[in-house]
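Chain identifiers are assigned alphabetically (A, B, ...) following the order of the sequence lines, protein sequences preceding nucleic acid strands; residue numbering begins at 1 within each chain.
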Protein chains: 2
Amino acid sequence: MVTLAEVAQHAGVSASTVSYVLSGKRSISATTRQRVERSIRELGYHPNAGARALASSRSNIIALMIPLRTDIYVPVMMEIAIAVATTARTHGYDVLLLTGEEGPDAVRRVAGSGLADGMILMDVELDDERLPLLRETDQPAVLIGLPADTTGLTCVDLDFRATGALCVEHLAERGHRDVAVIGEAPAVYERHTGFAERTLDGLRTRARELGLRLLHRPCEGGYDAMAVTLARILDERPGTTGFVVQNESAVEPLLALLRQQGRAVPEDVSVVAICPEQVAVQASVRLTSVAIPAQEMGRHAVEQLVAKLDGRGGDEVVLLAPELTVRASSGPAPLQP
Amino acid sequence: MVTLAEVAQHAGVSASTVSYVLSGKRSISATTRQRVERSIRELGYHPNAGARALASSRSNIIALMIPLRTDIYVPVMMEIAIAVATTARTHGYDVLLLTGEEGPDAVRRVAGSGLADGMILMDVELDDERLPLLRETDQPAVLIGLPADTTGLTCVDLDFRATGALCVEHLAERGHRDVAVIGEAPAVYERHTGFAERTLDGLRTRARELGLRLLHRPCEGGYDAMAVTLARILDERPGTTGFVVQNESAVEPLLALLRQQGRAVPEDVSVVAICPEQVAVQASVRLTSVAIPAQEMGRHAVEQLVAKLDGRGGDEVVLLAPELTVRASSGPAPLQP
DNA sequence: GAAAGCTGTCGAAGCGCTTCGACAGCCTAT
DNA sequence: ATAGGCTGTCGAAGCGCTTCGACAGCTTTC
């Protein structure tokens, strides 16, 4: 293992000089810098992370807490995680992966041990049990998702309320009067996940304003669950012609079932999905959708956190504006009966 | 921040004693241990990760390199990552997330900086460019996937060759003579990903042995790509009645297309998928499938690596035996024409 | 009952880095 | 000329922990 001291000796300077070349915190003459950089290259030197963390009280690590649950659309999580990791690297940080397994204690452990300089929390619930700990330890942190009380917190999320409103507006414009919402799995609502509830709120509020009838049904993913849910919906509201789907693993089953029942999309019914672009584009009918900007959320979260760690910027709630892309699953107003 | 020294003072012992209580590397009397443990609890002490790493040259961190590519079924990756993270925790390790972005240099950086004690590599190619570095730096490492040359390496993977053979056997038993393989995206084969090639090898070898005709076609995910691929297959081999699908995002499109063409599953054609259980169960036809045991792979990888770090166990290739579960997508032999 | 061996504890020496104060040498402003 | 300011470099003091050798006080052994 090559150490700073060895580099210093090789370059004929003191250790502190090498350190300053590395950090740029003091000015170093061009000739010295070059000499040092050459030695670093020749010896293949890499600063020791532990020593650095100890001396500087900065680990250059960001902790990312991802949920364990599998009832939430996983690819989105994955996309966020990857965006976080790559963005973090461009700022000189590495990412530590924490799963929900450990629960809120992970916050205490990470804060206490100096393992990470800050953390990013995903899958935040409205009344998340990690929040008190976060405030108590005052860990620099950024949430992806919105809890009920955001005072003193930095959050990044898609504006799901506006997303819900947007979907309803779109369907209203196409002349739909009876709209059904295929929601996330019941468990998601039971634990009061912010995004699900806010979407619903946006949907309902706008539906009321526009005079639409809205029926919301949570739905586990998969074909069988969707079949049951759809049957119930059509039983209760036979005139339903508009669908908003927020559970990606229900998208394809819904399309298949509608087809099977002879309801043509978009001629008879319209479907609007809230899902990643890829899902919308790859579906058997290219879906009109509001994209979940996973990458952007991950990137934003890191940038907010890095700003915080650098002492720039404070608490802030960033809500990304939803964008609805019209594709083949929603058409003009259906024929009036 | 509470330090070891403060705990020691509070408990009325020396710092080294506290350290030994924590590590258990020397015997400590019960009374002293209790006193120390009480102080730790009362003060809310957490050992500083950096100091620990510096002093012991062990970071208690495992690096997990996940690929950036999105042409590989992502949920599997996510599942593996989560399994790795949770298993690692049970062994006292945290997980650092590295993306492919940085490329092979990440290996050098991690090895050089002592950031992690070892690493787990996912999405290994047959002739992976990270392998020379791994050998050169002799980082303790475990691969999830199998490269061409495994000498000196520890690998964990599903036995994809056996998986391919199993699928063919199943279709052969059902009387199918003409079998089509819907493979991963072309890019996956172009970069010589081990699992894709080995599956194909298993499929081909066994098909030859059993006298089946096999047609392999790579396929991007999604409905449109699948439509094109299927049309070509049926054009070339109209008598095709058996399908093996290895690209999960092609599964549902394939089923929809077959339905649309009036080919009933499993009456007219059989479909066998190589995919996670969840996909098989949630599909519009419950799929006969060979499961990809993501969790088990992640867990195994960690356990191998931990064993290595503890000086136990050496290089080994663990191939998990595939298991085929018969569901509703493959039936008895089709009627002979 | 002296030698030898345990057990439990302590002190001190680092691990490799950052950072602060010091200062030599030089340049500018009076 | 001289005081004052810069620039570039160095030495040394830690950061909080692990670990090694030492040793005091016991117990065992013949």
Return the value, rounded to whole Å, for the distance between atom CG of B/Asn48 and atom C1' of D/dC15. 8 Å
Selection from C/dG11, D/dC15, D/dT18 that lies nearest to any side-chain heavy atom of B/Ser16: C/dG11
D/dC15 C1' sits how many Å from A/Arg58 CZ, rounded? 15 Å
Base of D/dC17 paired with side chain of B/Tyr45 (donor-acceptor, under 3.5 Å): no
What's the separation between atom NE2 in A/His46 and atom CG in A/Asn48, rounded to the nearest 0.5 Å? 12.0 Å
Looking at D/dT18, D/dG16, C/dC17, which one has an atom nearest to any side-chain atom of B/Arg52? D/dT18
Quick one: B/Asn60 CG to D/dT18 P, roughly how many Å, whole number? 10 Å
Of the listed nucleotides (D/dT19, C/dT19, D/dG8), which one gets closest to any side-chain atom of A/Thr32? D/dG8
If you check every side-chain atom of B/Ser27, which of D/dG8, C/dT9, C/dT7 has the closest atom? C/dT7
Which nucleotide sits closest to the side chain of A/Ser14: D/dG11, C/dT9, C/dC10? D/dG11
Minimum-distance nucleotide (side-chain atoms of B/Val13 versus C/dC10, D/dC15, D/dT18): C/dC10
Nearest-Å distance, OH (A/Tyr20) to P (C/dC17)? 15 Å
Does the side chain of A/Tyr93 pick up a donor-acceptor pair with the side chain of A/Arg58 at under 3.5 Å? yes
To the nearest Å, give me how far apart CG (A/Leu4) and C1' (C/dC15) are. 13 Å
d(NZ, B/Lys25; C1', C/dG8) in whole Å: 18 Å
Return the nearest nucleotide to the side chain of B/Thr3; candidates are C/dG8, D/dC17, C/dC17. D/dC17
Is any side-chain N or O of B/Ser56 closer than 4.0 Å to OP1 or OP2 of C/dC15? no
If we ignore angles and hydrogens, is there a donor and acceptor under 3.5 Å between the side chains of A/Ser29 and A/Thr32? yes
Separation of B/Thr154 OG1 from B/Gln304 CD (nearest 0.5 Å): 6.0 Å
Should the side chain of A/Arg35 and the base of D/dG8 be counted as holding a donor-acceptor pair, with the cut-off at 3.5 Å? no
Atom pair distance, as rounded to whole Å: CD in B/Gln34 and P in C/dG8: 13 Å
Grab the CD1-P distance between A/Ile40 and C/dG16 for me, whole Å please. 16 Å
Any side-chain N or O of B/Ser19 under 4.0 Å from OP1/OP2 of D/dT18? yes
Please tell me which of the listed nucleotides, D/dT19, C/dT18, C/dC20, lies nearest to the side chain of A/Arg26? C/dC20
Tell me yes or no: between the side chains of B/Thr17 and B/Ser14, is some donor less than 3.5 Å from an acceptor? yes
